[in-house]
2 protein chains.
Amino acid sequence: MGRAGAGDGGGKRFRPRLVIATYEALGGTDRTAAAYVAAAFELLHTALVLHDDVIDHDFHRRGVPNVAGHYRERALQRGASPEDAAHRGASAAVIAGDLALSAAHRLIDHSGVEDVLRERLLEVMDEALFASAAGELMDLDMSLHSAAEVDDIVLMERYKTAVYSFECPLQAGALLAGAELRVVDALAEAGRELGVAYQIVDDLLGVFGDEGQTGKTTLGDLREGKRTALIAYAARTSAWADLQHLVGKPDLCEDEAGTARVALEACGARAFAEELVREHAARASALLDHEWVPEAVRTSIRPLVEPMLDRVR
Amino acid sequence: MGRAGAGDGGGKRFRPRLVIATYEALGGTDRTAAAYVAAAFELLHTALVLHDDVIDHDFHRRGVPNVAGHYRERALQRGASPEDAAHRGASAAVIAGDLALSAAHRLIDHSGVEDVLRERLLEVMDEALFASAAGELMDLDMSLHSAAEVDDIVLMERYKTAVYSFECPLQAGALLAGAELRVVDALAEAGRELGVAYQIVDDLLGVFGDEGQTGKTTLGDLREGKRTALIAYAARTSAWADLQHLVGKPDLCEDEAGTARVALEACGARAFAEELVREHAARASALLDHEWVPEAVRTSIRPLVEPMLDRVR
């Protein structure tokens with residue numbers, strides 16, 4: 001299914017940066033505690049990405065070998081058969097993911113914060129993992145159906161990525177800073193909206209992006225038949241008759257991808273998805289604009305998020 | 001590689017029963033806290049078993065569908081292709097394992113014990129996971145070599161299974177009861193010895209067992225070429241010339257298995273493995289017999305462990 005790499009596209013270690021930026025903007029000064037909690041979210045991401053790649057039988061991520069790829073390579077060098085080497089690689093990645101997930105918990109345990117707060121932070125991380133699990137299962141369920149609705153896609157992307165990548169890091173940073181409840185909630189909700197917007201941007205770039213800039217092929221999502229708002233919109237238009245055989249075609253060539261892109265533009269799917277990005281980003285902005293959200297939060301979070309969204313604007 | 005099902009062969013929920021028996025034998029009275037910690041070890045086992053089955057592409061465990069098998073079946077019923085359904089099943093099992101692993105941490109968090117003890121219990125669970133990961137990697141590494149030594153096999157089995165299944169549950173029960181350090185250490189070490197003994201029993205039953213009693217085929221381990229002390233011993237004898245082509249033969253028939261069993265007996269491998277069981281069990285007994293280990297511990301632990309070991313004695 002592939003897990004979108006906010007953190008790759010959006011700059012390295014994006015999630016921990018959100019935790020720390022939020023924490024400091026809200027007046028937090030215990031950089032050690034913040035670093036522990038921030039690192040926990042990075043390791044949660046690591047665990048999810050590792051296991052995602054195992055599920056997808058991927059031995060590379062963004063063109064370089066992942067953990068499974070490295071271990072597969074080492075086994076091949078030691079004379080293992082290709083099948084045994086792949087098994088070795090995938091096994092190492094499952095184990096590495098388990099260790100990372102466990103370490104994410106331990107980092108929050110070791111953050112040194114008092115009991116009630118630690119418990120609350122662990123709940124937030126749990127929520128992140130559960131949402132991600134739910135999103136992943138929704139994604140898999142949708143793959144068994146021919147056509148999902150735009151709303152279902154957006155909900156799936158929200159659960160699968162937005163919650164753990166945006167909502168929970170912002171929420172954790174705010175909780176750690178001891179922010180008042182309405183600020184914590186506004187940041188969590190803004191994070192969710194930003195996360196959805198980010199994910200739709202990622203989907204747009206997966207088809208229309210500049211490979212040189214994104215480092216991501218613009219054939220992969222089309223070949224895989226990835227379920228995105230873009231495709232779900234197109235599937236409800238008359239353009240679908242021309243698109244249907246191209247979306248999910250494993251050996252789609254560059255010419256066919258060009259045809260698909262033209263059709264996705266002509267039927268209004270691209271414009272629709274871009275509008276969806278603007279809507280969610282605007283909702284996030286409105287939440288951050290509440291008078292009781294400190295100005296410092298706006299000035300800290302926006303520079304981290306806007307460049308990612310601007311990629312399609 | 002398959003993870004031996006102490007808990008299947010050894011009775012249901014074996015690990016939590018070890019935690020609680022140890023705790024109560026040492027005078028612990030907070031049954032709620034004990035239940036939380038005990039359940040954490042059961043969920044750790046669940047997580048490891050789920051991920052093991054994904055690594056091994058297993059959709060069944062002891063003859064019944066596992067999580068992956070259930071989800072594969074559901075997907076097939078909904079019209080998925082066999083390949084898509086298998087993917088759906090394995091994905092669900094990876095996710096379920098992640099949730100179980102995370103829940104294991106949360107259960108210890110929620111056990112209500114004070115900070116220092118909670119931290120110590122989390123360390124024990126971490127140690128359990130790390131040992132298991134190390135054992136699994138050792139197992140995979142050995143599979144790339146032709147012949148491992150008996151000592152390496154025993155060490156691998158100790159890490160992979162004995163630590164998390166026996167050593168850590170006993171240790172956790174003792175810590176929770178507030179036992180003095182030398183009692184905690186003696187129980188941990190006894191658990192390790194019992195775990196190794198149990199694992200060798202399991203390996204023996206995997207070849208010589210009564211399928212009606214164990215519910216486990218006696219062809220599986222031989223077909224898989226499972227690395228056990230039994231096989232490692234045989235590989236150092238002249239009998240190996242006759243055995244070599246049978247161990248790891250994927251389509252081994254019952255007649256060939258019979259030939260292998262006769263050869264494993266004749267070369268002394270069976271007697272050697274049985275002696276190894278007795279040695280490790282005796283070491284465990286000696287540890288539990290220390291005068292400063294309360295009598296109640298011996299009378300609680302022995303009835304749980306001896307029936308499992310007696311299966312080959």
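Proteins come first, then strands; the chains are lettered A, B, ... in the order of their sequence lines, and each starts at number 1.
Only the side chain of L101(A) comes within contact range of chain B, with at least one heavy atom under 4.5 Å from a heavy atom of that chain. When heavy atoms are compared at a cutoff of 4.5 Å, I95(B) approaches chain A solely by way of its side chain, counted from C-beta outward.
Using a 30° and 60° split on the angle between ring planes, H51(B) and H51(A) fall in the perpendicular class, above 60°.
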Quiz prompt | Check against side-chain contact (heavy atoms from CB on, under 4.5 Å), R78(B) and D141(A) | solution = CA-CA 10 Å; R78(B) 287 165 62 187; D141(A) 274 342; 3.4 Å; yes

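Under a 3.5 Å cut-off, the side chain of H87(A) and the backbone N or O of D56(B) do not form any donor-acceptor pair.
The CZ atom of R88(A) lies 10.0 Å from the CG atom of D139(B); values are rounded to the nearest 0.5 Å. Note that CG of L129(A) and CG of D98(B) are 6.0 Å apart. Values are rounded to the nearest 0.5 Å.
Around CD of E114(B), the count of heavy atoms belonging to other residues, nucleotides or ligands within 6.0 Å exceeds 12. Counting heavy-atom neighbours within 6.0 Å of F59(A) CZ, excluding the residue itself, gives a total above 12.
When the options I108(A), L122(A), D126(A) are evaluated for a side chain to side chain contact (heavy atoms under 4.5 Å, CB included) with D109(B), the one that passes is L122(A).
The two residues R106(B) and H105(A) make their nearest non-hydrogen contact at CD-CE1, 3.9 Å.
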